[in-house]
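Okay, so here's the structure we're looking at.
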Amino acid sequence: MLIFALMSISAQISHAPLRLIGRMPLKAHYANARFLAWLIGDVIRYRRDVVSFNLARCFPEKTTRELKELRKEAYRHFADIVVESFWFGACRDPRRLHDARIVEIANPEVISALFESSPSVAVLYSHCGNWELYGGIESYNYSGTPMPITEQNFSVVYKRTNSKTTDEVLRMNRFAPLKDRDGYNGYVETRDLIRYAFTHKAEKRIYNINTDQRPYQDSGANIPVRFLGQDTQTMTGAAAIARKFGMAVCYLRMERKERGHYIMEYVPICANAAESTVEAIMTRYYELLEDDIRKDPANYLWTHKRFK
């Protein structure tokens, strides 16, 4: 118990300066983002080889000059993600988040209909836009159409890092706007998803699952798909669990309309995953994701090792 208490204290200390920085207006953060992009991409050169490799493989039709410009745009977006996340972590008052209108849900009626007609809903999302803002989902509905999403039925599945302190800092930041941050029990590590889903099988829930990461090395339940011209091994846990419990499945698009304003859109994949296959669900998911990336390549996170 002592070690967990010490880690919590360490996370609190680490998160404190982030909350302080986050109190600045969003425009002030963006003013610093260009310098941060230059620092990360050109000085520190954070995963620059990985970014260059990914872009060159996925866009072979682009010239060297075009790829260089795209890499610069990708680091600018990466820097925006960082500063937006700092700002988000200080949004303890959901009204501040709502008034900023940094994210807007385009079609709340779609998730409402899926939730109403299904035992639960699996929402497959990616590293497009800024996924670190999903914890404020209740603040992003400006339509007047009610949504079924609440802290009690909203689960987020994540993949842990190698640092428990970093994981705790990220958790604190991701759920800053929640009314019951300490009591929230919907934050689920990928390895615990199956057990969690069985434990809560009698509940109608919305499972939000980041699905474009590479599978764990020891995972045997992978399938190949064609993604951005590459043979790619996919995570299949989300689709498999959705099939097991007959969930509806949808893709969550996060389009960057302009700096400081993203549009979320729910795109149905199937109404009942038990009537589909894991392969069909994942193939459709990657088709939708690839379409979004090709429309705005810099809106995607290129620093991860997506391909072998």
Side-chain angles (χ1 to χ4, degrees), residues 58 105-107 109-129 131 134 137 148-149 153-159 186 188-198 200-201 203-216 219-255 264-295 300-301 304 306-308:
C58 294
I105 297 174
N107 55 348
E109 70 281 357
V110 170
I111 190 65
S112 296
L114 291 173
F115 186 78
E116 180 67 25
S117 61
S118 305
S120 286
V121 183
V123 178
L124 310 187
Y125 69 95
S126 73
H127 285 91
C128 275
W131 57 96
Y134 286 169
I137 193 81
I149 299 174
N153 65 23
F154 187 79
S155 296
V156 176
V157 181
Y158 75 100
K159 192 172 182 180
V188 187
E189 211 280 328
T190 53
R191 293 181 188 271
D192 300 326
L193 177 56
I194 295 176
R195 182 173 59 215
Y196 182 91
F198 271 98
H200 296 272
K201 63 182 179 181
E203 303 172 17
K204 188 186 283 277
R205 303 192 67 82
I206 299 174
Y207 291 88
N208 298 267
I209 309 170
N210 191 303
T211 319
D212 65 333
Q213 295 167 301
R214 283 177 59 177
Y216 286 110
S219 174
N222 307 324
I223 59 170
V225 296
R226 194 72 177 165
F227 175 50
L228 291 168
Q230 314 300 313
D231 291 325
T232 308
Q233 293 297 119
T234 76
M235 300 175 70
T236 58
I241 288 174
R243 286 195 74 240
K244 175 69 178 178
F245 296 105
M247 298 180 189
V249 182
C250 66
Y251 166 73
L252 181 56
R253 170 174 291 131
M254 197 168 189
E255 183 182 0
M264 282 183 175
E265 181 184 359
Y266 291 96
V267 182
I269 291 178
C270 61
N272 182 355
E275 299 175 352
S276 186
T277 65
V278 170
E279 290 80 4
I281 291 169
M282 296 311 302
T283 297
R284 181 57 180 156
Y285 165 80
Y286 275 100
E287 287 174 352
L288 291 165
L289 176 56
E290 180 167 339
D291 285 346
D292 287 347
I293 292 172
R294 292 199 179 279
K295 289 175 184 174
Y300 193 56
L301 181 69
H304 284 185
R306 303 285 174 200
F307 316 106
K308 293 183 178 180

One should read off an interatomic distance between Asp292 CG and Glu287 CD, to the nearest 0.5 angstrom, of 12.0 Å
Minimum heavy-atom separation for Ser112 to Pro148, with atom names? OG-CD, 3.2 Å
Do you know which of Tyr300, Tyr125, Phe227, Trp131 makes side chain to side chain contact (heavy atoms under 4.5 Å, CB included) with Asp212? Tyr300
Looking at every non-hydrogen atom in both residues, tell me the closest pair between Cys270 and Ala273 and how far apart they are. SG-CA, 3.7 Å
Measure from the side-chain N and O atoms of Asn208 to the backbone N and O of Ser155, and report whether any donor-acceptor pair falls under 3.5 Å. yes
Taking every non-hydrogen atom, the tightest pair across Ile293 and Cys128: CG1-SG, 4.0 Å
Distance from Ile137 atom CD1 to Ile111 atom CD1, nearest 0.5 Å? 8.5 Å
In short, Lys204 meets Glu116 closest at the heavy-atom pair NZ-O, 3.8 Å
Does any non-hydrogen side-chain atom of Phe115 lie less than 4.5 Å from one of Asn153? yes
I want to check something: taking the side chain as every heavy atom from C-beta on, are Ser118 and Met247 in contact at a cut-off of under 4.5 Å? no
Nearest 0.5 angstrom please: Arg226 CZ to Thr283 OG1, how far? 13.0 Å
Is there a side-chain contact between Tyr207 and Ile241 (heavy atoms, below 4.5 Å)? no
On a heavy-atom basis, the closest approach of Ala242 and Ala122 is CB-CB, 4.2 Å
For the atom pair OG1 (Thr232) and CE (Met282), what is the distance rounded to the nearest 0.5 Å? 10.5 Å
Is the shortest distance from a Lys or Arg side-chain nitrogen in Glu255 or Arg253 to a carboxylate oxygen in the other one below 4.0 Å? no
Non-hydrogen side-chain atoms of Leu114 and Cys250 separated by less than 4.5 Å: yes
What distance do Thr234 atom OG1 and Ile281 atom CD1 have between them, rounded to the nearest 0.5 Å? 11.0 Å
Once you measure the plane-to-plane angle for Tyr196 and His200, does it fall in the parallel (<30°), tilted (30-60°) or perpendicular (>60°) bin? tilted
Please tell me if the side chains of Arg284 and Tyr251 come closer than 4.5 Å, counting only heavy atoms from C-beta onward. no
Rounded to the nearest 0.5 Å, how far apart are NE2 of His127 and CG of Leu289? 10.5 Å
Residues Phe245 and Ala197: closest non-hydrogen pair is CE1-CB, 3.8 Å
Between Tyr286 and Leu228, does the side chain to side chain contact (heavy atoms under 4.5 Å, CB included) criterion hold? Intermediate values first, please. CA-CA 9 Å; Tyr286 275 100; Leu228 291 168; over 6 Å; no
Check whether any side-chain N or O of Thr211 sits under 3.5 Å from a backbone N or O of Met235 as a donor-acceptor pair, and report yes or no. no
